[in-house]
Structure formats: structure tokens, C-alpha cells
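Side chains included, hydrogens not; waters and symmetry mates left out as well; all remaining heavy atoms used.
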Amino acid sequence: MADTTGSTEATPVGAADSRPRKSSWRYIGPGIVVAATGVGAGDLVATLIAGSNFGYTLLWAAIIGCLVKISLAEAAGRWHLSTGRTLFDGWASLGRWTTWFFGAYVVVWGFVYGAAAMSSSALPLQALFPNVMDLEWWAIACGLTGLVFVWFNKYAVFEKVMTVLVGVMFVVTVYLAIRVTPNLGDAFAGLLPVLPDEKDSILNTLGLIGGVGGTITLAAYGYWVNAKGWTDTGWMKVMRLDNRVAYITTGIFVVAMLFVGAELLHSANVAIASGDKGLLQLGDILEDEYGTATAKFFLIGFFATSYTSLIGVWHGVSLMFADFVARYRGESAQKGEKVASGARERSWPFRAYLLWLTFPPIVLLFQGQPFRLIILYGVLGAAFLPFLAGTLLWLLNSARTPAPWRNGLLSNTMLTIAGLLFLVLCVKQVWDQPWADFF
């Protein structure tokens, strides 16, 4: 994202060397991680369904979704680098209510998400190896391998593996987009901001914008920036290049899947189910159209998409939880240097949250998801992005942020748009919950 502060000089943070680093592709890393984690199977299905229902009409909405997320991730990264403090430390400075919200969110969300992530990763494996074992056991295997991998590896190894998996995702999605032979004329027409002539088209459009790539992983971006070793304002230009790469990559994934939905499903008037099983249906359709090899290639990409989201959350949200516990236990301030040193990855709260993401959700794999918990999960999840956008606006326009790195007009505009967008989607999500059955 463009420099929204107007500053060209670095501001020292503590004793760190904050001389500006030259923006270079060789530094790219956290952006790849956040792109891989944020784009899950659910995002690809939502984009496929948008393409199957509306053709290329909502291509512009998918691109705007990427721009909105660029502004949120850039703001989170700028807070970490300009203050030397972590995002949770900033939240805590706004009042105890942020601690209570995050605490409830991270416990409920992690319990339900753990089961969803393991199931999503298991689906393509079961399709690739249908006679090996049941879906639940594939899911447990995915969860346990994710636990072991994150437990025993530091950020540098984690980033390299995520980069390889992103490469697989990229090759598969771009190959599919080319394979279906997109109508480029219609695609360019889809860049014009036009709403479909359908009932609830505004809400559907806002949902597509809001669903492109990430929820809590946007907040985790600042932690991955620190884990990379970037802890002061000298890395600001590098971080911004890295962030652009993240959401250009996300945009390619989303646009490619919208092409597939528009050409393969919309033109043939074929509907697929929402949720991860919609991708299995797409695999069957690809096999009928292009053969078994293409279908299996797609399933490999499906697995890479789901598994990067799993290990990304296992690592990134565990870092945030470790920071949360450190603050709760009375550490005066959470510094980016602490994350960069690897101390957070070796801490017992980090590993305790890894266990929370892995073992309790196994119960849900066999017994189904408890009704009331799912409602709370939906409400807290819907409230997180308005919370993130609003608190970043607050933090980056206050004296908590050094003056040269506070928000400019562009960043304030984008964060305000993001906050309003996600607030509307949050209200809709809360309204749609079956509250009458909850009590």
C-alpha cells in the first residue's frame, strides 16, 4: 500500500538500528504467510459461488476486498514497527474491555476453528486416498502433524514451508483459470462496479468483499513481521512491499477461482454447495470435463490451501495468545523484540494454545458441533474485524503512535470503509442467528 503517512525518515525505537532498509524482494516472507493463511477453502468456495451465480459481474468486488485487507494489514504492521510494541499491548492501552473481548474470542473461536480447519484439510486427502481411512482420522492426522510441525520449528522454517505450499496453490489456481479459457472481454467488464440484478445483491456483494482473505490472521500479520526480525521503522518500506505482495497474491487466487466459477459453473448453470464440500464437487466436475489428472491436481491445490490455513493459525494465533497471557500476567509492555527473539514460540502459553487448537476440537469431529457454541463462534467471529478496524483507527490517530507514522487521509479512509463494511456484515450475521432456539 502507498505510504499513507507522508514520512520518509525512520524514527528510532529503543536502541534498535532503525535506518531505512532498501525495499527488496529478497526480504518477502510475512506477506506470503498471511496470504496463505487468510485464503482458506471457504474463501475459494465463496468466490466460486459468486462466479457461478453472477459470472464476472462481481470481479470488482473481489479486488476491492483485497484493497481493504491491504489497509488493515498495513496498519497492523505499521503499529508494530513504529511503536516497537505488539498489537495486543496497544489494545490493552485502550481499556480492559479489549482484554475481555479478545479472551472470549480466542477461546471460543479456537475451539470451533480447530475442528473446521482439520476437517477442511482432511477432505481432499480422503478424496485422493479414498480407501485408506475415514474422514475423522484424516482430520486428526492433519491436526497432529500441524501441532508437531509448529511445536518443533521456529518462524524461519515455518515461513519456508508456507512459501512452498503457496507456490502449489498459485500453480493450481492459475492453471485452472487458464484451463477454463476465460472470456477476457467479460472479465474486463466485470471491473466496472455494477451490482447483480438479484435479491439481496448488496449484501451478497459486501459479503464477497469482506470474505476475501483473512480474519484474525490480519492481526497476526504484525506478529509475523516481528518474528521475521523486523522490529523498528527501518523496515517500514520493506513491510509495505511485503504487504502488497500478500494481497496481490490473494487477488490472483480469488480472481482465478472467480474465472473458474464464471466459465465452468455459470455458463453450464451448475450449482455447488457452500462450504468445503463444494470444492469436492468442483473436483468431480473437473474430472468430467478435463480428466482424472486435472481433478487430482486440483485436490492437491485444495489440500495446500486448507493446510496452510491450519498451520498458519496454529502458529500466528498462538503467538497472539502468548502475548495476551504475558500481558495478563503483568508484563509491563509487550515488545516486538520479544517476538523476534523466538521467546514467544518457546513459551508455555504458545504451546498451550497449540494444544487447545488441536485436542479439544477432536471431540467435535465425532460428535458434531454444539449448537450454542456455533452461534457464539459466529457472533464473535463477525465482531472481530470491526473491532480490529476500529481499534487500529484509534491507535494510529493517537499519541500512542509516533507522529510521523500516524494515519494519513488515505489510511483513515480505507480503515473507515473497512470498519463500516465489517460492521454491516457483523449486524447481518448477528441478526441471522437463530436466537429463539438459543435460549
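Of the possible polar contacts, none joining the S120 side chain to the A117 backbone as a donor-acceptor pair under 3.5 Å is found. Under the 3.5 Å distance criterion, the side-chain polar atoms of W109 are left unmatched by any main-chain donor or acceptor of G381. In this structure, N226 contributes its side chain and Y223 its backbone to no donor-acceptor pair below 3.5 Å. Under a 3.5 Å cut-off, the side chain of E74 and the backbone N or O of N243 do not form any donor-acceptor pair. Proximity of a side-chain donor or acceptor of W79 to a complementary backbone N or O of L396 within less than 3.5 Å is not detected. Of the possible polar contacts, one joining the S93 side chain to the G90 backbone as a donor-acceptor pair under 3.5 Å is found. Remark: the backbone N or O of L184 is not paired with any side-chain donor or acceptor of Y56 at under 3.5 angstrom. No donor-acceptor pair closer than 3.5 Å links the side chain of S121 to the backbone N or O of M118. Distance alone, capped at 3.5 Å, is enough to place a donor-acceptor pair between the W435 side chain and the V430 backbone. Not a single donor-acceptor pair under 3.5 Å links the side chain of S306 to the backbone N or O of F303.
Of all the heavy atoms in G55 and L258, the pair that sits closest is O-CD2, 3.7 Å. Contact between K228 and Y27 at its shortest, heavy atoms only, is CE-O, 3.3 Å. The heavy-atom pair separating L87 from A219 by the smallest distance is CD2-CB, 3.8 Å. The nearest pair of heavy atoms linking A41 to F302 is CB-CE1, 3.7 Å. Closest of all the heavy-atom pairs between V339 and A227 is CG1-N, 3.8 Å. Shortest non-hydrogen contact noted between G301 and V172 is CA-CG2, 3.8 Å.
Within 6.0 Å of the CZ atom in F170, the count of heavy atoms belonging to other residues, nucleotides or ligands does not exceed 12.
Using a 30° and 60° split on the angle between ring planes, F324 and F321 fall in the tilted class, from 30° to 60°.
Taking 4.5 Å as the limit, every side-chain heavy atom of T37 sits out of range of all side-chain heavy atoms of H315. Between M257 and L282, the closest side-chain pair of non-hydrogen atoms falls below 4.5 Å. Contact annotation: the side chain of R327 never approaches that of T99 to less than 4.5 Å [non-hydrogen atoms, C-beta and beyond]. By the 4.5 Å heavy-atom criterion applied to side chains, T305 and L279 are not counted as neighbours. The shortest distance between side-chain heavy atoms of M236 and W405 falls below 4.5 Å. Considering only heavy atoms from C-beta on, F384 stays 4.5 Å or farther from F422 through its side chain. Between I140 and L365, some side-chain heavy-atom pair lies under the 4.5 Å cut-off. No side-chain heavy atom of V150 sits less than 4.5 Å from a side-chain heavy atom of S318.
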Please assess Y247 against V34 for the test side chain to side chain contact (heavy atoms under 4.5 Å, CB included), listing each intermediate value before the final yes or no. CA-CA 9 Å; Y247 284 95; V34 77; 4.2 Å; yes

Taking it one step at a time, do I216 and Y113 satisfy side chain to side chain contact (heavy atoms under 4.5 Å, CB included)? CA-CA 11 Å; I216 195 172; Y113 180 83; over 6 Å; no

Side chain to side chain contact (heavy atoms under 4.5 Å, CB included) between M169 and T308: does it pass, once the steps are laid out? CA-CA 10 Å; M169 293 167 60; T308 52; 3.7 Å; yes

Evaluate the criterion side chain to side chain contact (heavy atoms under 4.5 Å, CB included) for residue pair V225 and W235; output intermediate values, then yes/no. CA-CA 9 Å; V225 163; W235 293 101; over 6 Å; no

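The line from CD1 of I248 to CG of L241 is 8.5 Å long, rounded to the nearest 0.5 Å. Rounded to the nearest 0.5 angstrom, L392 CG and M414 CE are separated by 13.5 Å. In this structure, CG on L206 lies 10.0 Å from CD1 on I64, to the nearest 0.5 angstrom. Summarising the geometry, atom CZ belonging to R240 is positioned 12.5 Å from atom CD1 belonging to I70; distances are rounded to the nearest 0.5 Å. Between N407 atom CG and N412 atom CG the span is 4.0 Å, to the nearest 0.5 Å. Once rounded to the nearest 0.5 Å, the distance linking OG1 of T250 with CG of D43 reads 9.0 Å.
For D242, the salt bridge (Lys or Arg N to Asp or Glu O under 4.0 Å) test picks out no residue, with sequence neighbours left out. Looking at residues two or more places apart in sequence or on another chain, you find a salt bridge (Lys or Arg N to Asp or Glu O under 4.0 Å) between K428 and D432.
Each of W314, W151, Y353 was checked for a side chain to side chain donor-acceptor pair (under 3.5 Å) with T358, and the lone residue meeting it is W314. Considering W394, F102, Y105 as possible partners of W91, the one that fulfils the ring-ring contact (aromatic ring centres under 6.0 Å, His included) test is F102.
With 3.5 Å as the limit, one finds a donor-acceptor pair spanning the side chains of S411 and R78.
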